[in-house]
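Data block below; observations after.
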Amino acid sequence: MQQKEERILVNGGRFDFDDGGTYCGGWEDGKAHGHGVCTGPKGQGEYSGSWHYGFEVSGVYTWPSGSTYEGHWQNGKRHGLGVETRGRWVYRGEWTQGFKGRYGVRQSTTSGAKYEGTWEIGRASCRERV
């Protein structure tokens with residue numbers, strides 16, 4: 001007589017990390033997949049969006065300070081198009097492996113200060129212009 005192997009598939013749920021963080025959302029092959037929300041330990045940030053086998057794909061990350069990033073991710077880093085709001089500054093543009101990349105616009109929300117142009121390793125390639 002053959003024994004039939006039972007396999008339980010879980011397509012979603014909640015996982016509590018040892019450090020106090022949580023993940024609620026879709027799962028596949030034991031990894032975050034589909035849509036989900038992950039919070040860091042002791043409220044140290046939150047990501048809400050799409051996941052692909054354990055990595056963020058497209059969504060919103062909110063830091064405890066209130067700063068946000070909305071856009072694309074690759075291998076756990078901001079990559080592709082995205083918008084970062086930090087204090088009185090908003091950056092809209094490209095990201096490369098976690099850094100502001102190639103082309104983007106950084107603009108003040110309280111004044112006319114604005115830089116539009118190229119970026120190298122997260123820094124503007126020339127001086128800010130109004």
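What you see is a predicted model; the values in this text were computed from it and never measured. Residues take their numbers from the sequence shown, with the count starting at 1.
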Minimum heavy-atom distance between [X] and [Y], given as atom pair plus value:
| X | Y | answer |
| --- | --- | --- |
| Ser108 | Arg88 | OG-NH1, 3.1 Å |
| Arg14 | Cys24 | CG-SG, 3.6 Å |
| Thr96 | His79 | CA-ND1, 3.5 Å |
| Cys38 | Tyr23 | CB-CD1, 4.0 Å |

So, does [X] use its side chain to make a donor-acceptor pair with the main chain of [Y] at under 3.5 Å?
| X | Y | value |
| --- | --- | --- |
| His33 | Trp27 | no |
| Ser58 | His72 | no |
| Asp29 | Lys31 | no |

Next on the checklist: For Phe17 and Phe15, I'd like to know if the aromatic rings sit close, meaning centre-to-centre distance below 6.0 Å.
Outcome noted: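 Between Phe15 and Phe17, which both carry aromatic rings, the centre distance is below 6.0 Å.
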Item to check | Passing candidate, ring pair (Phe, Tyr, Trp, His ring centres under 6.0 Å) with Tyr69, options Tyr61, Tyr91, Trp95 | outcome: Trp95
How many angstroms lie between [atom1] in [X] and [atom2] in [Y], if you round to the nearest 0.5 Å?
| X | Y | atom1 | atom2 | result |
| --- | --- | --- | --- | --- |
| Thr68 | Trp63 | OG1 | CH2 | 7.5 Å |
| Lys42 | Asp19 | NZ | CG | 9.0 Å |
| Trp51 | His35 | CH2 | NE2 | 10.5 Å |
| Thr109 | Arg86 | OG1 | CZ | 14.0 Å |

Item to check | Chi angles and distances behind the side chain to side chain contact (heavy atoms under 4.5 Å, CB included) call for Gln74, Phe55 | outcome: CA-CA 7 Å; Gln74 184 179 47; Phe55 288 103; over 6 Å; no
Checklist entry - For Gln44, does the CD atom sit with more than 12 other heavy atoms under 6.0 Å from it, leaving out its own atoms? => result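 Buried by this count: over 12 neighbours within 6.0 Å.
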Item to check | salt bridge (charged side-chain N to carboxylate O under 4.0 Å, His left out) partner of Arg78, the single match among Glu56, Glu84, Glu70 | outcome: Glu84
Checklist entry - Passes side chain to side chain contact (heavy atoms under 4.5 Å, CB included), Arg102 versus Thr118? Steps please. => result CA-CA 5 Å; Arg102 293 190 296 214; Thr118 57; over 6 Å; no
Checklist entry - Does any donor atom in the side chain of Thr39 or Thr22 lie under 3.5 Å from an acceptor atom in the other side chain? => result yes
